Amino acid sequence: MFLIDAPVERERAKLMNPVVLAFVGDAVYTLCVRQRLALASGEKTGALNRRAAEKVSAHGQSEALGRILPMLTEEEADIFRRGRNAKKPTRSKNASVGEYVRSTGFEALIGYLYLTGQAQRIGELFFPEEE
């Protein structure tokens, strides 16, 4: 994984609106999932898109969150909780309220890790089979 800009200091990232962190995290997670699917499969794009959509949906993210929660540091858990509890400007059409708020926390955590230059930690948490 790469960083487009220099990493942001942790204190600055912690002051960011958690919904903004989730905005970044959504893009980062989607790219990671698509990259891994593309490299691991000879499937056509339609099939790849369906598989990616399952993983990056609020439901898929909520399931992934259940696997990583016990592995989070206190700092990471705080970022997740801030994202989960943040007031969101939209509502999900295809997920329960619980799945939607958990997925926002999930995305905020990924956004925080990415912006602070912790790409390796993203891999450890979300793609452990590749470590």
Side-chain angles (χ1 to χ4, degrees):
M1 183 178 301
F2 61 91
L3 289 170
I4 293 176
D5 290 322
V8 172
E9 290 185 25
R10 288 181 182 202
E11 291 309 311
R12 179 176 176 206
K14 286 179 184 177
L15 294 174
M16 293 177 74
N17 182 321
V19 178
V20 173
L21 293 174
F23 172 76
V24 173
D26 176 53
V28 171
Y29 189 65
T30 299
L31 179 60
C32 289
V33 166
R34 286 175 176 241
Q35 175 183 327
R36 280 155 179 80
L37 288 173
L39 296 175
S41 171
E43 294 179 284
K44 293 183 178 183
T45 56
L48 289 172
N49 194 50
R50 281 188 296 280
R51 290 182 58 203
E54 289 171 5
K55 291 187 179 294
V56 301
S57 69
H59 178 74
Q61 290 177 357
S62 185
E63 284 184 354
L65 177 67
R67 292 189 295 274
I68 66 153
L69 272 176
M71 301 177 346
L72 297 183
T73 66
E74 190 57 41
E75 177 185 55
E76 292 165 348
D78 287 345
I79 298 296
F80 161 72
R81 282 190 294 272
R82 284 186 56 227
R84 180 194 63 198
N85 297 335
K87 183 171 174 57
K88 287 107 184 131
T90 60
R91 297 195 184 266
S92 175
K93 295 180 279 184
N94 301 313
S96 71
V97 172
E99 286 175 332
Y100 186 59
V101 298
R102 284 189 303 275
S103 70
T104 303
F106 176 93
E107 291 171 344
L109 174 58
I110 293 174
Y112 173 80
L113 293 172
Y114 176 78
L115 288 174
T116 57
Q118 299 180 70
Q120 183 175 351
R121 182 65 173 151
I122 293 172
E124 292 169 3
L125 288 172
F126 302 103
F127 307 101
E129 65 279 359
E130 297 178 21
E131 295 298 314

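Here the structure is a predicted model, which means the values were calculated and not measured.
With rounding to the nearest 0.5 Å, the separation of CD1 in Ile110 from CG in Leu31 is 11.5 Å. From Leu21, atom CG reaches atom OH of Tyr112 across 9.0 Å, with rounding to the nearest 0.5 Å. Atom CG of Leu109 is separated from atom CD1 of Ile68 by 5.5 Å, given to the nearest 0.5 angstrom. We find the CD-CD distance between Glu99 and Glu63 to be 8.0 Å, quoted to the nearest 0.5 Å. One finds the CG atom of Leu69 at 10.0 Å from the CZ atom of Phe106 (value rounded to the nearest 0.5 Å). Note that CG of Leu115 and CZ of Arg12 are 9.0 Å apart. Values are rounded to the nearest 0.5 Å.
Contact between Ala86 and Val19 at its shortest, heavy atoms only, is CB-CG2, 3.7 Å. Here the shortest heavy-atom pairing between Arg121 and Leu72 reads NH2-CA, 4.1 Å. Here the closest non-hydrogen pair linking Ile122 and Tyr114 is CD1-N, 3.8 Å.
Side chains of Glu76 and Leu113 form a contact here, defined as non-hydrogen atoms less than 4.5 Å apart. Looking at heavy atoms from C-beta onward, Phe126 lies out of side-chain contact with Val33 at the 4.5 angstrom threshold.
Within a 6.0 Å radius of CD in Glu75, other residues, nucleotides and ligands contribute more than 12 heavy atoms.
Checking side-chain atoms of Arg102 against main-chain N and O of Gly98 turns up a donor-acceptor pair under 3.5 Å. A donor-acceptor pair under 3.5 Å is formed between the side chain of Arg82 and the backbone N or O of Lys14. Although no hydrogens or angles enter the test, the distance criterion places a donor-acceptor pair under 3.5 Å between the side chain of Thr30 and the main chain of Asp26.
Remark: the Thr116 side chain and the Gln118 side chain contain an N/O donor-acceptor pair separated by less than 3.5 Å.
A side chain to side chain donor-acceptor pair (under 3.5 Å) with Asn49 is found for exactly one of Arg34, Lys44, Glu54, namely Arg34.
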